2 protein chains.
Amino acid sequence: MPTIKDVAKAAGCSTATVSRALATPEKVSDATRKRVNQAIAQVGYSPNIAARNLRRAESKTIVALLPDISNPFFSEIISGMEDVAHQAGYQILIGDCEHDPARAEAYFRLLSTNQADGIVLLTSEIPRALVKQADKQADFPLVMACEFFSDIDLPLIAIDNHQASCQAIDYLVSLGHQRIATLSGPAHNPICQERNRGYRDTLAAHQLSSEARIAEGNFGFRSGYQQGLALLEGKTARPTAIFCHSDEMAVGVLKAARQLGISVPDQLSVVGFDNIGLSEYCDPELTTISQPRNEIGQQAMQLLLHLLRGEQPIRHQTLSSHLIVRKSTGRLKP
Amino acid sequence: MPTIKDVAKAAGCSTATVSRALATPEKVSDATRKRVNQAIAQVGYSPNIAARNLRRAESKTIVALLPDISNPFFSEIISGMEDVAHQAGYQILIGDCEHDPARAEAYFRLLSTNQADGIVLLTSEIPRALVKQADKQADFPLVMACEFFSDIDLPLIAIDNHQASCQAIDYLVSLGHQRIATLSGPAHNPICQERNRGYRDTLAAHQLSSEARIAEGNFGFRSGYQQGLALLEGKTARPTAIFCHSDEMAVGVLKAARQLGISVPDQLSVVGFDNIGLSEYCDPELTTISQPRNEIGQQAMQLLLHLLRGEQPIRHQTLSSHLIVRKSTGRLKP
DNA sequence: CTGAAAGCGCTTACAG
DNA sequence: CTGAAAGCGCTTACAG
């Protein structure tokens, strides 16, 4: 591999000048710049980024920390992040935590070893000690997207989960439903708590508090199916609608209903969350809440870039979600 | 951040000794090693990886090049890759090509700039010039997984797509089907060509060649739905079974059938490919071909590591797939 | 506008 | 077993 020295030799100038022609071309005379560029092309030079990073004490790498890469919800967020990052000369390292604290820790360690410049945190399922410690350090750019911690105030891009939940429940009530259950994600997860608060608030507003019933899943198909069975085959009055905190769980509920011979939406309405690709292709098509995933990714990266430049950006931004009505919800049919 | 100098000072030795205590502890006396380790703990040292990488001329980073990160098929493969990579001290950089040649090129460029040590290629949808050129360079460790090029012989971990396809078609014939269509992925994709060859061979073996009919999709839900409609609403004799090159397309076909009032499996059998999580939760549950995704990821990474160590590993490995029979296939009911 | 020189933090052949 | 020294490839304040 040719180095900057080879270019300097070919161009008949010093390595300093080659470096400047690349980093700050306006500080180099036209003639020299031309010679340098020719030399670069001639010897086939591309800078050794490791050396540059070492010298500049940066890595131009951002870690995107996910709870679970297999959840399709995240892919479009990553995509939005990449668009913005690449344009600014950064690359994204996707960190899949797989609910393993050690993994999360390893990714956090990349910052102290200069292998990453910042983190976009897309999960609250990591050791909070890690986050608290990081938050104290000045040079630890950390941004959250979608998820958040109730007791640690970090820069955040997200939708209003309380409101999104209210909207879903209001809609179900408007269809005449009273026994509306929620199939929540993990109970300790702050976004689920927000959604459950919205659920309770809305039931209360309609004098339906006594009907409140929350089951707990983990966002995946299987838990949707299992909790769906539990909710629907119980002896107590069966819910006529279930609001799920993810589309995968909603599809799991659809399977449970099918198995129990409960027809959707005639005897049961189901609402999902996230509007993943599948929601248009399951049977029936899913009524769900759509988050602007690409925009969330873009804004989160933008926010992190501001932080990296030492600016003081607006730390919290709420993007709007909306309810998409499809075929899995409706009035009860006798 | 403390550097190796700080540790040396605290331990009362040279930086060389600190470095050796870390890299080759057996070359350092017990007493010194102990002092160094104490000093490391005391000053809170972690090595600057950029500097190490520069010195060693490696990055300990492997690029996993995907056609599309939103396809859940890949997540478990990545997972398998990560297990092996992390254990060997490597990290995985996920490169999402999004069918954009410029992106693929950018990721390939990481190798020449010392930002990556090797590539696991999970797509054949990239400029072949890139690959051919890379393949010529000795120091360009490149491994393919799942996908391959028909005219470029690279180290490869994959299933036998021809055989997997034969098995699916044989099974459908055994159920009494004769008009079996295939919903293929992109026609120029070698794995699809293999599968289509298996399809034709099996039809021929059963004297059904005249029934061959191949539609082309792109692996996604939407194309499954659209091509499904086209296959099923045609005036010509409608297929009684469709073999799809992905589960998402199969689910798209299920939707098309539903819309046309064709019941699965009574009037139409559908087979998918990949056994993604969804295939157990759609309606009806999908008969599909399962690939050992985690193992593919592990073996691909293992193969790449061998190459990086300058060894001469077995370049081609075929893992076995198997047909999982669920509810989307059956004998025709009148 | 340009160059000589120092230095980023580490590793490793060499000498002892 | 240990240290002094050179060097990986780049950047940048400094001097001119």
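Quick note on labels: first sequence line is chain A, next is B, and so on, each numbered from 1. Since this is a predicted model, take the numbers as computed values, not measurements.
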Item to check | d(NZ, B:Lys5; P, D:dA5) in whole Å | outcome: 14 Å
Next on the checklist: Pair A:Gln302, A:Gln298 - check side chain to side chain donor-acceptor pair (under 3.5 Å), show working.
Outcome noted: CA-CA 6 Å; A:Gln302 211 90 61; A:Gln298 288 188 30; over 6 Å; no
Next on the checklist: What is the separation between atom CG on A:Asp6 and atom C1' on D:dG9, rounded to the nearest whole Å?
Outcome noted: 11 Å
Checklist entry - Phosphate oxygens OP1/OP2 of D:dT2: is one of them under 4.0 Å from a side-chain N or O of B:Thr32? => result yes
Checklist entry - Under the side chain to side chain donor-acceptor pair (under 3.5 Å) criterion, do A:Glu147 and A:Asn189 qualify, and how do the steps go? => result CA-CA 8 Å; A:Glu147 304 236 351; A:Asn189 186 325; 3.1 Å; yes
Item to check | OP1 or OP2 of C:dG3 under 4.0 Å from side-chain N/O of A:Ser14 | outcome: yes
Checklist entry - In whole Å, what is the span from the NZ atom of B:Lys60 to the C1' atom of C:dC10? => result 15 Å
Checklist outcome for this item: Here the distance between atom P of D:dC1 and atom CG of B:Asp30, to the nearest Å, is 9 Å
Checklist entry - Is any side-chain heavy atom of B:Met301 less than 4.5 Å from a side-chain heavy atom of B:Ile92? => result yes
Checklist entry - Taking CD1 from A:Ile49 and P from D:dC10, how many angstroms apart are they, rounded to a whole number? => result 9 Å
Next on the checklist: So, OP1 or OP2 of D:dC1: does either fall under 4.0 Å of a side-chain N or O from B:Ser29?
Outcome noted: no
Checklist entry - Do B:Arg309 and B:Asp117 meet the salt-bridge criterion of a basic N to acidic O distance under 4.0 Å? => result no
Checklist outcome for this item: Here the distance between atom P of D:dC8 and atom CG of B:Leu54, to the nearest Å, is 9 Å
Checklist entry - In whole angstroms, how far is the P atom of C:dT2 from the CD atom of A:Glu26? => result 13 Å
Checklist outcome for this item: B/S/- along nucleotides 11-16 of chain D (protein heavy atoms under 4.0 Å) is BBB---
Checklist entry - Partner of C:dG3 by Watson-Crick or G-U wobble geometry, both contacts under 3.5 Å, or none? => result D:dC14
Checklist entry - What's the CG-C1' distance between B:Asn53 and D:dC8, to the nearest Å? => result 11 Å
Checklist outcome for this item: Minimal heavy-atom distance between B:Gln115 and A:Ile49, with the atoms involved, is NE2-CG1, 3.2 Å
Checklist entry - Hey, does the side chain of A:Asn37 reach the backbone of A:Lys34 with a donor-acceptor pair shorter than 3.5 angstrom? => result no
Next on the checklist: Can you work out whether B:Gly12 or A:Asn48 has the more 5'-proximal nearest nucleotide on DNA chain D?
Outcome noted: B:Gly12
Next on the checklist: Tell me whether the rings of A:Phe108 and A:Phe140 are parallel (<30°), tilted (30 to 60°) or perpendicular (>60°).
Outcome noted: parallel
Item to check | Whole-angstrom distance between D:dT12 and D:dG16, as gauged at atom C1' | outcome: 16 Å
